[in-house]
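Worksheet: the structure to be examined is printed underneath.
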Protein chains: 2
Amino acid sequence: MADQDGPAPAAKPRRPAEYRPGGRTAPASQRGMRQQNLSLVLRTVADQGPLSRARVAAHTGLTRAAVSSLVEELRGADLLVESGPEPGGRVGRPGSALAVSDRGAAGLGLEVGVEHLGACVVDLRGEARVWSRTAAANRGRAAAQVLADLAAVADEVVRQASGQGLRPVAAVLAVPGLVGSAPGTVEHAPNLGWRHEAVVPLWPGTLPVEVENEANLGALAELWSRSVGPDFVHVSAEAGIGAALVIDGRLFRGARGFAGELGHVPVRPDGPPCACGARGCLETYAGEAAVLRRAGLEGVAMDPVGALGERARAGDARVVAALERAATAMGTALAGAVNLVDPAAVVLGGAYAELGEWLMPGIRRELERRVTVRPWQADALRVSAHGRRGPLLGAGLTTVRRILDNPGRFTLP
Amino acid sequence: MADQDGPAPAAKPRRPAEYRPGGRTAPASQRGMRQQNLSLVLRTVADQGPLSRARVAAHTGLTRAAVSSLVEELRGADLLVESGPEPGGRVGRPGSALAVSDRGAAGLGLEVGVEHLGACVVDLRGEARVWSRTAAANRGRAAAQVLADLAAVADEVVRQASGQGLRPVAAVLAVPGLVGSAPGTVEHAPNLGWRHEAVVPLWPGTLPVEVENEANLGALAELWSRSVGPDFVHVSAEAGIGAALVIDGRLFRGARGFAGELGHVPVRPDGPPCACGARGCLETYAGEAAVLRRAGLEGVAMDPVGALGERARAGDARVVAALERAATAMGTALAGAVNLVDPAAVVLGGAYAELGEWLMPGIRRELERRVTVRPWQADALRVSAHGRRGPLLGAGLTTVRRILDNPGRFTLP
DNA sequence: GCTATTCGTAAACGCGAAAAACAAATTAGT
DNA sequence: ACTAATTTGTTTTTCGCGTTTACGAATAGC
């Protein structure tokens, strides 16, 4: 028949042969089918901009009739809106443009930093509509206290959002520390002084809340805001040096959730002793403490990374040399990571993103030197598009992606 | 109702929160639902041993009626067989045990090594029913010649299999080299002297054939024969030192298919120069050539790894020292990999598996020293269950898993 | 105006799993 | 030995959902 004039359904460059042994355990049901197609339609509209029903049908492979039915359900839940007839330069009846709603369900992002609290509300289109960041001295304070303060900030943000017709349905909290496999608990956040804190029960708000490591969320923000493709390594130095691995559009957590400990990859087997007990870990060269000591800025307490940037900009040779040394070590460790994982890009995020000007050349040099048996372009090393805002944005976006991935939860009930 | 007395549907220990942004592109259809459930039933029987229809229903969550219908279709395709009434110690009508067929569709595994050719036929139960390994000097021979020889071996194996009622439906060829993203081409197999060889068109047999790196297949053999869990790193030294990463039951190939180049992970940034142009790569310490040189066995052409094992067993101090040095370097590089990827186990496979007795202590020591910020048990380092037989077994199993994952291809047509 | 084309919807259809009902085969209890 | 209870496997009915087919609506080109 070929009644569609558009380009063929895009036949994504599928991976050669996908070995999937285990597979799902849940049976495929008609209900599951419907939910999957609801999500497919919603995500298609979210990804490909405003689209008519017919174009959605062409993109997804569903029939126009099926799309009509699915769209009706999504409109009823205020997830999709009809923005009127498309401007038609073409022959035939013009379609009616569909777009993801900028009202209704939304995501609440929360962040606890060492020196600040943050909250934001992200709408279904992925835009941060309300944003708040307030200074706070959280180091060493009890978790319950910190969360109470954060709840006040969150309340204000939610109030402003509801003025714009936005209704957050869930919250995600970014923390600078290791989140355990037990859901909602922070195993170890050295910079806050938290250990084995069951955060979720302490949260005074009413919205369901989830906890996640801030470096992971920063990486997800990069992914979901399309500033980078679906395969990359996101390096972030906050509490230690962490690397979030995003592979085929999925955050990679490892067998026990400890993946990405780039900070303890050996750089020189007999290098300086590390707090972890080993020698020559990357952190002993490029960790915040090591760089500050080398740069002669040990005393700085407030925003030490910002101070490094200032001094480097001012041309302080000692600081520049310290950053160069850190970059060389990071490049060596990253070369190992790239050889192992073969990402399409390496993104420098978190606080170190601001030091990219001084770190990138050294990292790039080591990567070019040590990644030779595969195609590797120099521009595959980039600086984060969001910098320090990444984790909070990622926290808000997490809930948004959940809605897009499973809209069925919001349509019928 | 709770009419099932068995344990609840097992609610697998699902990962905490799976972030899946992109997701499938294909729409969910009723046909797809059927195929998915056909696979679910077949895999359930394959994994959980002989099972009655009612038990399959309990395991999968499908109704007994649905299972009956699905089983009927699978029996018609000779994928499932009914092995008679179950011995009943329990009250009620005894069920009729279902098992995966040991006849009919099967997988043909093929292998081209530097010094041998191999072929095997694996039945749907995962058992190698026919096995053939013949010596052959393939180094430097033209690919077409080698494949012609291999086809003769394969013909004989297929003939024997058909005597047992087995009918291979597809072949997978294991090669010691890098398989490109273009399907069916070997980009570089240094030990064979192949470069940019489009192998598939050269194959004289009639069965559809696919090409895959032998280290990857060795890892998949471990996975599918359940000798290790679904998350591990499989180290294998054949052509260079490769690490196959298996994560959540899936082989991890990287953005461009080059993942797992453990051999060029830097061990000492300023170590000996490597053929790749960098310095201090793992291969300069633990590659076959480096170890042989250090051990004073440079001249050995036939099965040099076997020779290393012999001398080590005989107590040759120089050989033992060379292996110890290699082990230390491997342990250092693997520590970095474990810190990054957080696998549940590290498996030493391929030819080096036979040297495990001398390599494991050094590797284990470095791992224990350098993997400290997460739980890591010494027994997470193991030797392959299959050794050199792994790749060929994995090749045969690949087709078997394909059938189990998509039986719909074999039922209707 | 008229025709061709495209869009959105509606009705009939087909497929597949769920639900309900039923026959078959066994154990437990008397 | 006989009945009740229980479990299994099949049959029948029902329901949900995407597809097919058909039709009205809206536009461009003539």
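We name chains A, B, ... by the order of the sequence lines, and we start the count at 1 in each one.
In this structure, CD of A/Q35 is placed 16 Å from C1' of D/dG18, rounded to the nearest angstrom. Nucleotide D/dC17 holds its P atom 19 Å from the CZ atom of B/R34, rounded to whole Å. Nucleotide D/dT7 holds its C1' atom 11 Å from the CD atom of B/E86, rounded to whole Å. In this structure, the CE atom of A/M33 is 10 Å from the C1' atom of C/dA17, given to the nearest Å. The separation between B/R55 atom CZ and D/dG9 atom P is 10 Å, rounded to whole Å. Rounded to a whole Å, the CG atom of B/L62 is 15 Å from the C1' atom of D/dG9. Rounded to an integer number of Å, the gap from A/E72 CD to D/dG18 C1' is 17 Å. In this entry the distance linking CD of B/Q30 with P of D/dG16 reads 13 Å, nearest Å.
Between B/R34 and B/L70, the closest side-chain pair of non-hydrogen atoms falls below 4.5 Å. Using a 4.5 Å cut-off on side-chain heavy atoms (C-beta onward), A/T398 and A/E212 make no contact.
In this structure, A/S68 reaches the bases: a heavy-atom distance under 4.0 Å links it to at least one base atom across the strands shown. Counting any heavy atom pair closer than 4.0 Å across all strands shown, B/A66 reaches sugar-phosphate atoms only and no base atom. Within 4.0 Å of A/S69, counting heavy atoms only, lies no atom of the nucleic acid at all.
Note: A/L62 CG to A/N37 CG = 4.5 Å, rounded to the nearest 0.5 Å. Atom CG of B/L166 is separated from atom CG of B/L108 by 11.5 Å, given to the nearest 0.5 angstrom.
Between B/N37 and C/dA17 there is a side-chain N or O to OP1 or OP2 distance below 4.0 Å.
Out of D/dG16, D/dG18, D/dT20, the shortest distance to the side chain of A/L70 is found at D/dG18. Out of D/dG9, C/dT9, D/dT19, the shortest distance to the side chain of A/R53 is found at C/dT9.
The number of heavy-atom neighbours closer than 6.0 Å to CZ of A/R226, taken from other residues, nucleotides and ligands shown, is above 12.
The residue among B/G95 and B/S29 whose nearest nucleotide of DNA chain D is located toward the 5' end is B/G95.
Salt bridge B/D231/A/R256: absent, no basic N to carboxylate O contact under 4.0 Å.
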field: Protein proximity profile, nucleotides 22-30 of chain D - base contact B, sugar-phosphate-only contact S, no contact -, cut-off 4.0 Å on heavy atoms
entry: --BBBBS--

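Looking only at atom types and distance, the side chain of A/R93 has no donor-acceptor partner in the side chain of A/S52 under 3.5 Å away.
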